[in-house]
Amino acid sequence: MNYEFKSIEAKWQQFWAENQTFKSEINPDAPKCYVLDMFPYPSGAGLHVGHPLGYIASDIYARFKRHQGFNVLHPQGYDSFGLPAEQYAIQTGQHPAITTETNINRYRQQLDKIGFSFDWSREVRTSSPEYYKWTQWIFGQLFESWYNTALDKAEKIETLVAKFETSGNVGVEAICDEETPLFSGVEWNAFSEVKKQEILLKYRIAYLADTEVNWCPVLGTVLANDEIVNGVSERGGHPVVRKKMTQWSMRISAYANRFLEGLNDLDWSESIKETQRNWIGKSVGAAVSFNVLPIQDHDNPITIDVFTTRPDTIFGVSFMTLAPEHPLVAQITTEDQKEAVTSYIEATAKRSERDRMSDVKTISGVFTGAYAEHPFTKKPIPVWIGDYVLASYGTGAVMAVPCGDQRDYDFAKHFGIAIPNVFKDQDISETAYTDKANAVITNSDFLNNLPAKQAAEIAIKTLEVQAQGKGKTQYRLRDAVFSRQRYWGEPFPVYYVDGMPQLIDTKYFPIHLPDVEKYLPTETGEPPLGRATIWAWDTVNNTVVENAKIDHKTIFPLELNTMPGWAGSSWYLFRYMNPNNTDAFASKESLDYWGNVDLYIGGSEHATGHLLYARFWTKFLYDLGYLKVQEPFQKMINQGMILGESAFVYRVSGTNKFISKGLTGSKEVEAIHAHIDFVNISNELDVEAFKNWRPEFANAEFELEDGKYIVGREVEKMSKSKFNVVNPDAICEQYGADTLRLYEMFLGPLEQAKPWSTAGITGVYNFLKKLWKLYVGEKGLKVTSTPASKDSLKTLHKTIDKVTRDIENFSFNTSVSTFMIAVNELTAQKCTSEEVLKPLCILLAPYAPHISEELWSRMGGNSSILNEKFPLFDEKYLKEDTKTYPVSFNGKMRFKMELSLDLTKEEIQEIALKDERTIKQLNGREPKKIIVVPGKIINFVG
RNA sequence: GCUCAAGUGGCGGAAUUGGUAGACGCGCUGGAUUCAAAAUCCAGUUCUUUCGAGAGUGUGGGUUCGAUUCCCACCUUGAGUACCA
């Protein structure tokens, strides 16, 4: 009987579905294990062979854990709201609801063929109202909360209101807008309702504010910082401009420090942690105010506020630099410098932010004519403008210490500004001295002879006494913009009264996304929700009304923006725990039992987006007491991308003649992507298929070498437009899902990017055929109940040991090799014993579940092989006849030898003496004495 | 520029963490089987070679009896980040 993978795989996929084999329930008696994949957004292109890589790895792990007796939660769903899904809909001219549905069905079909152990009864879709009801609910919680820095946690807004009523906001330690004015309790109580709401908005974690945002005109929406790469949109690569707009934001920066601290306990790759640390960008230092001279109003002087990480070098300040956009520039520039300053600002404004960033070398700047007063020496310091200072970071102004900062140094040299040295025994004639750890301060009055760290502390204290500064920790992490001027996202459960946002009572959730016809984004930023229809909230009937007249009495305007794509994906891991709950985002029982994700598998490109936002919402829900865990993903593995091998044909420029790769020589040719389906393993092009591909190629001429047209190959990202996509369905069709699973793992280390090549798949396919033959012969099952030979047991336990360790270390590629060796050895040993073949079958089950189930049932196993215990490794089968002997002489360990156990001391010595390593090291000398330490070590004393 | 990761046959990649480098697979060569092909099986396959051997894990040093593995310097590639005060 041959290995009929098609019928086997169909049979078991059906069996698993009918028996709900992968359905998981809470079981307090069993240890839990939550294995999660980053859920896909259902794009129109369907899955290519790169997508399942991570899913296969997590599936192997999940199945392995089940064999080990864990209660495994392994769900899957779809991130179906957001830009990618909507862009696809727009490109194909269909409604996003339709394309999303179609794409999900396609994905599901493809996923089902690969035999994953997903518990589909827990499927979630971020775009379904049952799901986004709770996304809206969490938004409501964020809106109704503030961040208490005294307790370092988020709290309900009522506790803040209570504080305001008794003593105002004086002494309230909170994360809030910078320009929040102080008020007393009496004043608060006298404020109008609108005024109160206006103030509370400055404290809410989800808040509405006029902010400078990244506006992308082509996409017709604002974007968060992590959605912009190199100054253009991550999706599509469209230009992004700065624009002031009223937008919802999230006070994610409140959590900056907790993000950093939490990283230490996470089992994530160092590079991802480092990326997050950089993104959060913590710098410890001081805020310092410099008075602008002349001081006219001593109670309320004009000040230039700066942030510095080096308050210890404050005596080295020889000038100050403002960003060209700094608001003080116009105010302090003197008459005679006005012209120079104006023309400089004009010149820099012409250069885009990108140009400024890429051109780091050119030093430019202009003197304002103004001076500021040094807080200690009281000497005047010239104030300059320079475009090396960015308006968007810190205060947009720096105190320049040329001796301690290279940029300040270069600027000072360029403009001939003094460079006072405040570092003891350091030469700064060529370059700045930037080492903070070893610096000792000098020429600095009361800071003389202090190491930098102490000097910084004393400088801060002194500044505090003078009320001209204080210690400050600055973060690069900005608050996250939370509204999008798009259709395909969660509507905000918010309406407006007197311009102030009001949260709709949660009992009326979800606020459904209306089914509008005109869902396209606009270039002006007008949200699609309000364009085709008037969308409003009826406070009498507590319902959304369309095309009703907004009277601001009972009918109020609704928020027309929608939430960004990351809203739904920031908490989906918790919804899987209890996906059909209509009373809560998940029940307390399920949240407490499943905790957080034990293993998360996905791409590393989400380091500063999704992964940070999910941590944010998890910590917030923890603060409010809904969760027991502070981190969503305990361990994470980032699978590498599978790349495609594109094929190129070479057309002589300006003609319709194609030249085989070897003949191109110095001819001027253009490389054109050819579909990889037209190319065989030897890189030979099917010329006829190529001609029929496109009308423009129908009459093409081909110059062949050896009668063949050879294409060029190049490794690129797998993409439809590069015609290099390999579809997993085709592989399943030809070789089966088990082969696909094994081969994807066999390709190379999981975390490494690697090109896909179907060429090697026959090796894995052959392995499965050999495996089949080991168990099943012409006349049926070959497995017998005879005891296994020593050799076979050794092979088995070698395999158990390696495979177990491999799964725990996620080196699945070497496991596949181990299986191949095992099957070759057992075949050679003519092993038929179920003592060996049964455990081997279980070992293989996580990798190749279909064939394992089939063999298991043929061997008389009950129900699914998943209920079987994973075999345990026993050293005795390996160490029975050989032992590793460390060989040493002169008291030093020399090398190890693997020798038979039956040997006597004398025999061991003899063998060790004949070993070429011993001969080389003794170099002709006779060892005087040979010591055999009982059990293990042989000593030669030379 | 900075941070991180990596460099091993024709190719993908192993190496029990300092102990006979190249497991396993692809490809290639030869053989068996076959009318033939596919499939399957067996043998070989790092390079050089005067067939005795020699060289060999990006390059150059170092530690060690012994280095793909540890240390130093450099080169190359990939990823992330970038005037962050």
Side-chain angles (χ1 to χ4, degrees), chain A residues 2 229-230 269-279 281-283 285-286 288 306-310 313 320-321 323 353 356-363 386-390 392-401 404-408 410-411 434 474-477 604-605 607-608 638 640-641 681-682 742-743 746-749 751-767 769-770 773 798 801-802 805 811 813-822 824 827 878 884 886-890 892-898 915-918 920-923 942:
Chain A
N2 289 327
V229 178
N230 292 332
S269 77
E270 222 19 73
S271 66
I272 289 266
K273 286 188 184 181
E274 200 55 33
T275 307
Q276 283 211 350
R277 286 193 195 104
N278 286 339
W279 187 260
K282 182 179 184 174
S283 17
V288 188
V306 301
F307 172 76
T308 176
T309 54
R310 298 296 300 274
T313 63
M320 305 194 70
T321 315
E353 189 125 337
R356 264 170 77 175
M357 280 198 277
S358 56
D359 180 20
V360 182
K361 295 212 170 66
T362 316
I363 296 163
D387 68 358
Y388 78 97
V389 175
L390 301 179
S392 53
Y393 184 74
T395 60
V398 300
M399 59 174 230
V401 184
D405 182 286
Q406 196 55 46
R407 288 156 306 163
D408 295 346
D410 295 341
F411 195 87
T434 53
Q474 173 97 25
Y475 294 94
R476 201 188 81 117
L477 181 67
S604 55
E605 68 273 19
T608 55
N638 305 110
M641 203 190 305
I681 289 173
S682 332
L742 284 166
Y743 186 58
F746 186 68
L747 272 179
E751 302 189 65
Q752 213 171 78
K754 47 206 168 266
W756 174 272
S757 148
T758 310
I761 201 165
T762 52
V764 170
Y765 185 52
N766 281 344
F767 155 71
K769 287 195 280 192
K770 281 186 208 168
K773 272 194 198 161
K798 216 167 59 182
D801 180 37
K802 185 76 169 77
R805 281 187 289 119
S811 36
N813 55 328
T814 49
S815 284
V816 181
S817 299
T818 309
F819 284 125
M820 290 176 176
I821 296 167
N824 284 340
T827 306
L878 301 195
T884 307
V887 178
S888 66
F889 35 95
N890 296 345
K892 270 188 177 174
M893 224 287 280
R894 301 301 182 177
F895 55 87
K896 290 177 190 168
M897 292 183 85
E898 195 166 295
D915 191 277
E916 55 181 285
R917 289 167 291 185
T918 314
K920 204 170 165 185
Q921 283 164 39
L922 287 172
N923 199 16

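First the proteins, then the strands, lettered A, B, ... as listed; each starts at 1.
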Note, A:V764 side chain near A:M820 side chain (heavy atom, < 4.5 Å): yes
Most 5' of A:E270 and A:L747 on RNA chain B, judged by nearest nucleotide: A:E270
Touch class at under 4.0 angstrom, heavy-atom based, for A:K273 against every strand present: nothing
Rounded distance in Å between the C1' positions of B:A14 and B:U20: 16 Å
Per A:S817 side chain, nearest of listed nucleotides B:G12, B:G27, B:A23: B:A23
Partners meeting side-chain contact (heavy atoms from CB on, under 4.5 Å) with A:F307 (sequence neighbours left out): A:S283, A:T309, A:K472, A:Q474
Evaluation steps, side chain to side chain contact (heavy atoms under 4.5 Å, CB included), between A:T814 and A:K802: CA-CA 9 Å; A:T814 49; A:K802 185 76 169 77; 3.3 Å; yes
Distance, C1' atom - from B:U33 to B:A23, rounded to whole angstrom: 30 Å
Inter-nucleotide P distance (B:A6, B:G18), Å rounded: 15 Å
Euclidean distance for P, B:A67 against B:G60 (whole angstrom): 15 Å
Atom-pair distance (CG on A:N278; C1' on B:U81), nearest Å: 6 Å
Residue list, side-chain contact (heavy atoms from CB on, under 4.5 Å) with A:V398, at least two apart or on another chain: A:T321, A:Y388, A:V389
Touch class at under 4.0 angstrom, heavy-atom based, for A:Q752 against every strand present: sugar-phosphate
Listed nucleotide nearest any side-chain atom of A:T275, set B:G25, B:C26, B:G80: B:G80
For A:N638 against A:S269, the heavy-atom pair lying closest together: OD1-OG, 3.8 Å
Residues that A:D405 engages under salt bridge (charged side-chain N to carboxylate O under 4.0 Å, His left out), provided they are two or more places apart: A:R407
Sugar-phosphate only, base, or nothing, as touched by A:N766 at under 4.0 Å among non-hydrogen atoms: sugar-phosphate
Pairing residues for A:D410 by the side-chain contact (heavy atoms from CB on, under 4.5 Å) criterion, not counting sequence neighbours: A:I363, A:Q406
In B:U17, glycosidic geometry as syn within 90° of 0 or anti otherwise: syn
Whole-Å gap separating P (B:U81) and NZ (A:K282): 22 Å
Sugar-phosphate, base or nothing in reach of A:N824, heavy atoms under 4.0 Å: sugar-phosphate
Nucleotide B:G13, atom C1' - distance to OH of A:Y743 in whole Å: 11 Å
Separation of the C1' atoms in B:A82 and B:C72, to the nearest angstrom: 29 Å
Sugar-phosphate only, base, or nothing, as touched by A:P749 at under 4.0 Å among non-hydrogen atoms: sugar-phosphate
Listed nucleotide nearest any side-chain atom of A:N813, set B:G13, B:G27, B:G80: B:G13
Nearest-Å distance for atom pair CG/C1', residues A:N638 and B:A5: 13 Å
Sugar-phosphate only, base, or nothing, as touched by A:K769 at under 4.0 Å among non-hydrogen atoms: sugar-phosphate
Residues forming a ring pair (Phe, Tyr, Trp, His ring centres under 6.0 Å) with A:Y743, sequence neighbours excluded: A:W756
Atom C1', compared across B:A37 and B:A32: separation rounded to whole Å: 16 Å
Whole-Å distance separating the CG atom of A:D387 from the P atom of B:A82: 18 Å
Phosphate-side-chain proximity, A:R277 and B:U3, N/O vs OP1/OP2 below 4.0 Å: no
pair A:R310-A:V401: side-chain heavy atoms closer than 4.5 Å: no
Pairwise C1' distance for B:U46 and B:A15, with rounding to whole Å: 16 Å
Donor-acceptor contact below 3.5 Å, side chain A:K754 vs main chain A:P749: yes
Distance, rounded to the nearest Å, where A:Y388 contributes OH and B:A85 contributes P: 13 Å
Presence of A:S269 side-chain N/O under 4.0 Å of B:C4 phosphate oxygens OP1/OP2: no
Nearest-angstrom distance from the residue atom NZ of A:K798 to P of B:A23: 15 Å
Side chain of A:R476 (C-beta onward), nearest among B:C84, B:C4, B:G12: B:C84
Per A:Y393 side chain, nearest of listed nucleotides B:A23, B:C84, B:C4: B:C84
Between B:U68 and B:U16 - C1' atom distance, rounded Å: 15 Å
Nearest-neighbour nucleotide for the A:T814 side chain, B:A14, B:C26, B:C84 considered: B:A14
Whole-Å gap separating P (B:C84) and CD (A:Q406): 11 Å
Along RNA chain B (nearest heavy atom to each residue), the more 5'-positioned of A:I821 and A:E274: A:E274
Syn/anti state of B:G54 by chi, 90° boundary around 0: anti
Watson-Crick and G-U pairing of RNA chain B, under 3.5 Å, as dot-bracket with | and [ ]: (((((((..(((......[....)))((((((.......))))))(((....)))..(((((..]....))))))))))))....
